[in-house]
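The structure under discussion appears below in the form of structure tokens.
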Amino acid sequence: METKDKPSEKTLTAEEGTKPAVTNFIRSIIDRDLESGKHSGIVTRFPPEPNGYLHIGHAKSICLNFGLARDYKGRCHLRFDDTNPVKEDVEYVDSILADVRWLGFDWAEHLYYASDYFDKLYEFAEYLINEGKAFVCDLSLDELREYRGTLTVPGKNSPYRNRSRDENLDLFRRMKAGEFPEGSRSLRAKIDMASPNLNMRDPVIYRIKKTHHHRTGSDWQIYPMYDYTHCISDALERITHSICTLEFEDHRPLYDWILDQLPVPCHPQQIEFARLNLAYTVMSKRLLLELVTTNLVNGWDDPRMPTIAGMRRRGFPPEAIREFADRIGVAKANSMVDDELLFFCIREELNRTALRRMAVLSPLKLVITNYPEDHEEELDAENNPENASAGSRKISFGKELFIEAEDFSENPPKGWFRLSPGQEVRLKHAYYITCNEVVKDEAGNITEIRCSYDPASRGGWTEDGRKVKGTLHWVSARHCIPVELRLYDRLFTQADMSELEPGKTYKDYVNPASLEINKRCLAESSLANTTPGERFQFLRIGYFCTDYDSKPDSPIFNRITSLRDSWAKLSKKQ
RNA sequence: UGGGCAGUCGCCAAGCGGUAAGGCAGCGGGUUUUGGUCCCGCCAUCCGGGGGUUCGAAUCCUCCCUGCCCAGCCA
């Protein structure tokens, strides 16, 4: 019966078939609202406060809100929650705009600021006063705290709670006019000082601040609080589903209370989900700011930072971040996501799109003894085996080359199929070579490997069907260019940075090897002219991105992430 | 200890009374001019615990345990 209504796997449309429909509790709510006719379309919003740089946790929220709007053919607003001028700055609004755009989302004409609503918000406040639902309170900060009570003890009514409507109006207007010093008075909602929910104990909805605001300048002497502003802003924008993080669950009754008192056009539904926690990093604005100000990292866009700016500079593709957001899902349980999943998404995207190039991290000289002196040739090299339309390029080959020092072993361990004395390997795109001689200095360090090559193996294969197990990347000594490679690793040494050992701070967990700058690397000549932001796969090493500091005469690449390395795993086990 | 929320595989996460999806990680194998990619296989008789309701429970009831959030004139 019901089963016949359910589409079987085979009846999925092509579109659904390529990507399994994601489902989560928020989509269930929306589906229900659409089906019941409560809404005919949806409007969501991403509402950052411009007081810091966006990070991957915000990316989850951005992907959620804009993704919902996209999938349900609704819209998503970008709204700055700029109600606290002391913490905010245009520097942050500019970076947020750029970050959301970089992530691939478009708010079209729907860019808003809570400060756009200051006049309306003020009118609504007078309305509340007229309705006897708000009052001006003269309690000081300390007194207010005392009157609020505690988690287990109910609060006490403010002695100013029963001021007359006219007195309240007069006082509130004079607050607005700047007649009173900061902290001397506040406007409070008149709700219930005995509520078990502290947010309902006559919360402050307006406070006096004489701070310059980045958008309204010195127009205002009073500023509305978040709880008062957010719900009204949502209603004014006709938001249908106001999605926020779990810590606001306790605020929902207040959100609803305020809208219930006012003649607003609609009453959006607040829905809370669990914020993202990523292993081996921190997400709190305070800590991120501290990392920057104490120079533990080099700025907000340091490639080790979980900020959008940092990930962009590191070379993470926006598509990968969106994919990551989709894969982690949305739920109400607090969680700690493995960074492996993020890197999986990055590799998946880059494997498809990044052009292959060759570079040597730690060069070891290799001479092909039977290769003609001064001879050189150009070999064909495909740009991406996953994508034939990426074409190919020419790479120069000659008698003297550099290979990866790690690719040679004089006494190879079991299972080794790279270069070792007497062993034949393939130089990618070039020839088969066999090691005949190892040259060392007085100290016994290997300084040069001498090999012979098989001229019949040009291109990297022979007609006799001979198999070689190892394939090495290399660069031509005469044609390669020096490059700087910056290798990044996890910023912290512990997965869960929310639980530190007693007496330790997060600084004790900073990974000393999170950045390794390697200036003596060599790369194929085609890497001489790349533009910052370009991404490549350096064969057998990892994915790299041209850094903003890169100059044509001194190229710099950031390692986005290494390739999976099953040999490293195997050799570690032995 | 007042209130709110949450507990399904190492990490995420579907599931909404009909007998545990999927992804990542891991393990084993195959293909391969990247020890990359790709492909195949394995990976929860069990859903925080105890009772109960039911022919049947991860899903309903009940008690308990654990974790997270709240006492900013921050958001």
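These values consider heavy atoms only, across backbone and side chains, with no hydrogens, waters or symmetry-generated copies. Convention: sequence-line order gives letters A, B, ...; per-chain numbering from 1.
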Worksheet item: How long is the line joining CD of A:Glu323 and P of B:rC24, in whole Å?
Response: 10 Å
Worksheet item: Which comes earlier along RNA chain B counting from the 5' end, the contact point of A:Asn351 or that of A:Ser28, where each point is its nearest nucleotide?
Response: A:Ser28
Worksheet, complete the sentence: To the nearest angstrom, the CZ-P distance between A:Arg79 and B:rA75 comes to 13 Å
Fill in: Rounded distance in Å - CG (A:Leu539) to P (B:rG35)
8 Å
Worksheet item: When the distance from CG of A:Leu54 to C1' of B:rA75 is rounded to whole Å, what number comes out?
Response: 14 Å
Worksheet item: For A:Arg161, does the CZ atom have more than 12 heavy-atom neighbours from other residues, nucleotides or ligands under 6.0 Å away?
Response: yes
Worksheet item: Taking the six-membered ring of A:Phe536 as reference, does the NZ or CZ atom of A:Arg357 fall below 6.0 Å from its centre and within a 45° cone about the axis?
Response: no
Discussion item. Give me the distance, rounded to whole Å, that separates B:rG72 from B:rG23 when you measure between the C1' atoms they each carry.
Written reply: 40 Å
Worksheet item: For the residue pair A:Arg466 and A:Asp454, what are the closest heavy atoms and their distance?
Response: NH2-OD2, 2.5 Å
Worksheet entry | Sugar-phosphate only, base, or nothing, as touched by A:Val86 at under 4.0 Å among non-hydrogen atoms | nothing
Item to complete: Could you tell me whether A:Pro154 contacts a base, only the sugar-phosphate backbone, or nothing, with contacts defined as non-hydrogen atoms closer than 4.0 Å?
Response: nothing
Practice prompt. Measure from the side-chain heavy atoms of A:Asn24 and tell me the nearest of B:rA25, B:rG35, B:rA14.
Written response: B:rA14
Worksheet entry | Inter-nucleotide C1' distance (B:rC63, B:rC24), Å rounded | 37 Å
Worksheet item: What is the nucleic acid contact for A:Arg418, judged by heavy atoms within less than 4.0 Å: base, sugar-phosphate only, or nothing?
Response: base
Worksheet item: For the side chain of A:Lys210 and the backbone of A:Glu182, is there at least one donor-acceptor N/O pair under 3.5 Å apart?
Response: no
Practice prompt. Using a cut-off of 6.0 Å, state whether more than 12 heavy atoms not belonging to A:Lys156 lie near its atom NZ.
Written response: yes
Discussion item. For the P atoms, the ones on B:rU32 and on B:rG26, what distance do you get once it is rounded to whole angstrom?
Written reply: 24 Å
Worksheet entry | B:rA44 and B:rC12, which share atom name C1', separated by this distance in whole Å | 15 Å
Worksheet entry | Whole-Å distance separating the CZ atom of A:Phe273 from the C1' atom of B:rC12 | 15 Å
Worksheet item: When rounded to the nearest Å, what value does the distance between P atoms of B:rG28 and B:rG36 take?
Response: 14 Å
Discussion item. Within 45 degrees of the ring normal and closer than 6.0 Å to the centroid, is that where the cationic atom of A:Lys428 sits relative to A:Trp474?
Written reply: no
Worksheet item: Which nucleotide sits closest to the side chain of A:Arg564: B:rU37, B:rC11, B:rG35?
Response: B:rU37
Item to complete: Please check the phosphate of B:rG3 (OP1 and OP2 only) for any side-chain N or O of A:Thr152 closer than 4.0 Å.
Response: no
Fill in: Smallest separation among heavy atoms of A:Phe172 and A:Tyr122, with atom names
CE2-CE1, 3.1 Å
Practice prompt. Report which part of the nucleic acid A:Lys428 touches: base, sugar-phosphate, or nothing (heavy-atom distance under 4.0 Å, all strands).
Written response: base
Item to complete: Measure from CD on A:Glu272 to P on B:rG4 and round the result to the nearest Å.
Response: 13 Å
Worksheet item: Taking the same atom, P, in B:rC55 and in B:rU66, what whole-Å distance lies between them?
Response: 35 Å
Item to complete: Ignoring backbone atoms, test whether A:Arg540 places a side-chain nitrogen or oxygen under 4.0 Å from the OP1 or OP2 oxygen of B:rG35.
Response: yes
Worksheet item: What does nucleotides 69-74 of chain B look like as a protein-contact string, B for base, S for sugar-phosphate only, - for none, at under 4.0 angstrom between heavy atoms?
Response: BBBSBB
Practice prompt. Write down the distance separating the P atoms in B:rC11 and B:rG51, rounded off to the nearest Å.
Written response: 26 Å
Practice prompt. Check if the side chain of A:Arg356 and the base of B:rU34 share a donor-acceptor pair of N or O atoms closer than 3.5 Å.
Written response: yes
Fill in: Chi-based syn or anti call at B:rG72, which uses purine or pyrimidine torsion atoms and a 90° bound
syn
Discussion item. Taking only the C1' atom of each, what is the distance from B:rG2 to B:rG49 in whole angstrom?
Written reply: 25 Å
Worksheet item: Can you name the nearest heavy-atom pair linking A:Leu246 to A:Lys332, along with the distance?
Response: CD2-O, 3.3 Å
Worksheet item: NA contact type, A:Gly415, heavy-atom cut-off 4.0 Å: base, sugar-phosphate, or nothing?
Response: base
Discussion item. So if I take every side-chain heavy atom of A:Leu341 and compare against B:rC24, B:rA25, B:rG4, which nucleotide ends up nearest?
Written reply: B:rC24
Worksheet item: How long is the line joining CD of A:Gln423 and P of B:rG35, in whole Å?
Response: 13 Å
Worksheet item: Counting only N and O atoms by type, is there a donor-acceptor contact under 3.5 Å from the side chain of A:Tyr112 to the main-chain atoms of A:Ser233?
Response: no
Worksheet item: Between A:Gly329 and A:Ala568, which has a closest nucleotide on RNA chain B that is more 5'?
Response: A:Gly329
Worksheet item: Is the NZ or CZ atom of A:Arg215 positioned over A:Tyr113's six-membered ring, under 6.0 angstrom from the centre and within 45° of the axis?
Response: yes
Practice prompt. State whether the distance check finds a donor on one side and an acceptor on the other, under 3.5 Å, for side chain A:Glu348 versus base B:rG23.
Written response: no
Worksheet item: Does A:Glu406 CD have over 12 foreign heavy atoms under 6.0 Å away?
Response: no
Discussion item. Aromatic contact between A:Tyr160 and A:Phe135, with the criterion being ring centroids under 6.0 Å apart: yes or no?
Written reply: no
Discussion item. Under 4.0 Å, counting only non-hydrogen atoms across every strand here, what does A:Tyr223 touch: a base, just sugar-phosphate, or nothing?
Written reply: nothing
Worksheet item: Under 4.0 Å between a side-chain N or O of A:Thr23 and OP1 or OP2 of B:rG15?
Response: yes
Discussion item. In this structure, how many angstroms lie between the P atom of B:rC5 and the CZ atom of A:Phe25, rounded?
Written reply: 13 Å
Response to the item:
Partner of A:Asp234 under side-chain hydrogen bond (donor to acceptor under 3.5 Å, both in side chains), picked from A:Arg79, A:His77, A:Gln270, A:Gln269, is A:Arg79
Practice prompt. Using a 4.0 Å heavy-atom cut-off across all strands, classify A:His429 as base, sugar-phosphate, or nothing.
Written response: base
Worksheet item: Does the side chain of A:Lys467 get closer than 4.0 angstrom to OP1 or OP2 of B:rU32 through an N or O atom?
Response: no
Practice prompt. Any chance you could encode RNA chain B as dot-bracket? Rule is Watson-Crick or G-U wobble with both distances under 3.5 Å; [ ] for pairs crossing earlier ones, | for another strand.
Written response: .(((((((.[[[..)..(...]]].(((((.......))))).....[[[[[..)....]]]]])))))).....
